[in-house]
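See below for the structure under consideration.
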Amino acid sequence: VASLARKEVDCNTVLVTGTVGKTGFKIQLHHCLKNQINVHAFLSSINTKIPTLRSLSSLKADDDLEVIEVCVGKDASFVETKSHWITPDVCVFTDLGPNHMDRHKTIDNLVNAKASVIAGLKESGFCIVNHDAQLHDQLVKELKRRNKNITLYSFGSNNKADAFLIDSQINKEHYGWNICASVAGEIVEYTLPLFQQHAPVQSLGVLLAVKKLGYDIQKAAADYKYEID
């Protein structure tokens, strides 16, 4: 039922994975686009098999975008199966570090498992990766090994990334940040109402996804000022 619903609706779909930051990315992308388009997402941290199927099976005909969070276990083949259910247009890697090593045992196993989410990526699809991630280079190498023609975009703290911070200053009034950034060549300034140290860079991944999906990043960034769901 989930697979059929996904095929019949065939909206843009963003698959979000990573060792940390998956739920935050999903919630922020939903928040920043909900005033532009119909965004479908379950705004909680549930991300295993049944929640994945539930999200897909509840798609509606007028949904423009599905944002779905996927956990990655040690069984890469099952992750590939989930990816084929989802058939994402975009795969986002929020971060990648040596987490959950009791499950993966080795860095190679971890990177292989995470990269396996691109198995169902559409031919016209692309990936967005965190350039600041500890295992960025290993991940990119594995993604290219799996698909030599894959399109990759990145976000990070410096101009080596496609979306990067120009300036970020603490905003004490809003318990967050005042940010100036370049997102795929477009300058954007906004107030981010999240106080965590990693929040400015992570928000760039959200805006890069907005930009590459063809939506208005100026409006998306401006909507950060409203209370996040």
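FYI, side chains are in, hydrogens and waters are out, and symmetry mates aren't considered; it's all heavy atoms of this structure. From a predicted model like this one, the values you see are computed outputs, not experimental measurements.
- Side-chain N or O atoms of Arg146 include none that pairs as donor or acceptor with a backbone N or O of Ala119 at under 3.5 Å.
- Using modelled atom types, one finds no donor on one side chain facing an acceptor on the other under 3.5 Å when comparing Gln196 with Gln202.
- A cation-pi arrangement, defined by a distance under 6.0 Å to the six-membered ring centre and an angle within 45 degrees of its axis, is present between Lys212 and Tyr153.
- Smallest separation of non-hydrogen atoms from Val67 and Lys26: CG1-CG, 3.7 Å.
- Separating the CG atom in Leu143 from the CZ atom in Arg145 is a distance of 10.0 Å, to the nearest 0.5 Å.
- Judged by distance alone, the side chain of Gln28 and the main-chain N or O of Leu207 form no donor-acceptor pair under 3.5 Å.
- A side chain to side chain contact (heavy atoms under 4.5 Å, CB included) with Leu33 is found for one member of Asp64, Val210, Val206 and no other, namely Val210.
- Note on ring orientation: taking the six-membered ring where Trp is involved, the planes of Trp85 and Phe78 are perpendicular (angle over 60°, cut-offs 30° and 60°).
- Residue Ser154 holds its OG atom at 8.5 Å from CG of Asn130, rounded to the nearest 0.5 Å.
- Under the 4.5 Å side-chain heavy-atom criterion for grouping Ile, Leu, Val, Met, Phe, Trp and Tyr, Ile217 is connected to Leu213 within one hydrophobic cluster.
- A continuous path of ILVMFWY side-chain contacts below 4.5 Å connects Ile37 to Val16, so both sit in one hydrophobic cluster.
- Put simply, the side chain of Ser58 gets close to the backbone of Arg54: a donor and an acceptor are under 3.5 Å apart.
- Here the rule is side-chain hydrogen bond (donor to acceptor under 3.5 Å, both in side chains) with Thr87, and of Lys122, Arg6, Lys7 only Arg6 fits it.
- Between Leu165 and Asn158 there is no side-chain heavy-atom pair separated by less than 4.5 Å.
- Looking only at side-chain heavy atoms (C-beta outward), Asn159 and Ser182 stay at 4.5 Å or farther from each other.
- Here the CD1-OG1 distance, from Ile68 to Thr52, works out to 4.5 Å after rounding to the nearest 0.5 Å.
- Judged purely by atom type and a 3.5 angstrom limit, Trp177 uses its side chain to pair as donor or acceptor with the backbone of Leu194.
- Formation of a donor-acceptor pair under 3.5 Å by the Gln138 side chain with backbone atoms of Val111 is not found in this model.
- Proximity of Asn12 to Val90: side-chain heavy atoms (C-beta onward) are nowhere separated by under 4.5 Å.
- Residues Ile118 and Asn147 have side chains in contact (heavy-atom distance under 4.5 Å, counting atoms from C-beta outward).
- The backbone N or O of Lys60 lies less than 3.5 Å from a partner atom in the side chain of Asp63, making a donor-acceptor pair.
- Closest approach of Ala161 and Gly156 over heavy atoms only: CB-N, 3.5 Å.
- Annotation: the span from Leu15 atom CG to Glu66 atom CD amounts to 9.5 Å, rounded to 0.5 Å.
- With contacts defined as side-chain heavy-atom distances shorter than 4.5 Å, the pair Val92/Cys127 does not qualify.
- The six-membered or imidazole ring of Tyr175 lies away from that of Phe195, with a centre-to-centre distance of 6.0 Å or more.
- By the 6.0 Å contact criterion, NZ on Lys49 is open, its count of non-hydrogen atoms from other residues, nucleotides or ligands being 12 or less.
- With hydrogens and angles left out, the side-chain atoms of Asp132 and Ser157 include a donor and acceptor closer than 3.5 Å.
- Of the possible polar contacts, none joining the Asn178 side chain to the Asn171 backbone as a donor-acceptor pair under 3.5 Å is found.
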Would Ile150 and Leu121 satisfy side-chain contact (heavy atoms from CB on, under 4.5 Å), going step by step from the backbone distance to the final call?
CA-CA 10 Å; Ile150 197 165; Leu121 183 67; 4.2 Å; yes
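- Shown here for Ala2 and Leu53, the closest heavy-atom pair between the two residues is CB-O, 3.5 Å.
- Taken from NZ in Lys144 to CG in Leu139, the straight-line distance is 11.0 Å, to the nearest 0.5 Å.
- Results of the side chain to side chain contact (heavy atoms under 4.5 Å, CB included) test with Val14 over Ile86, Leu65, Ile128 single out Leu65 as the only residue that passes.
- Side-chain N or O atoms of Lys22 include one that pairs as donor or acceptor with a backbone N or O of Gly18 at under 3.5 Å.
- Looking at heavy atoms from C-beta onward, His40 lies out of side-chain contact with Val9 at the 4.5 angstrom threshold.
- A salt bridge does not link Lys141 to Asp137: none of the charged side-chain nitrogens sits closer than 4.0 Å to a carboxylate oxygen.
- Considering every non-hydrogen atom in both Ala41 and His30, the closest pair reads CB-CD2, 4.3 Å.
- Side-chain N or O atoms of Asn38 include one that pairs as donor or acceptor with a backbone N or O of Asp62 at under 3.5 Å.
- The ring-ring contact (aromatic ring centres under 6.0 Å, His included) search around Phe164 returns none, not counting sequence neighbours.
- Atom CG in Leu110 sits 9.5 Å away from atom CG in Asn112 (nearest 0.5 Å).
- Nearest heavy atom pair, residue Ile187 against residue Cys180, reads CG2-SG, 4.1 Å.
- For the pair Pro88/Ser83, a side-chain contact is recorded, criterion being any heavy-atom separation below 4.5 Å from C-beta on.
- The backbone N or O of Val70 lies less than 3.5 Å from a partner atom in the side chain of Thr17, making a donor-acceptor pair.
- Side-chain contact between Val72 and Val117 is present, with at least one heavy-atom pair separated by less than 4.5 Å.
- When every heavy atom of Asp216 is checked against every heavy atom of Gln36, the shortest pair comes out as O-NE2, 2.9 Å.
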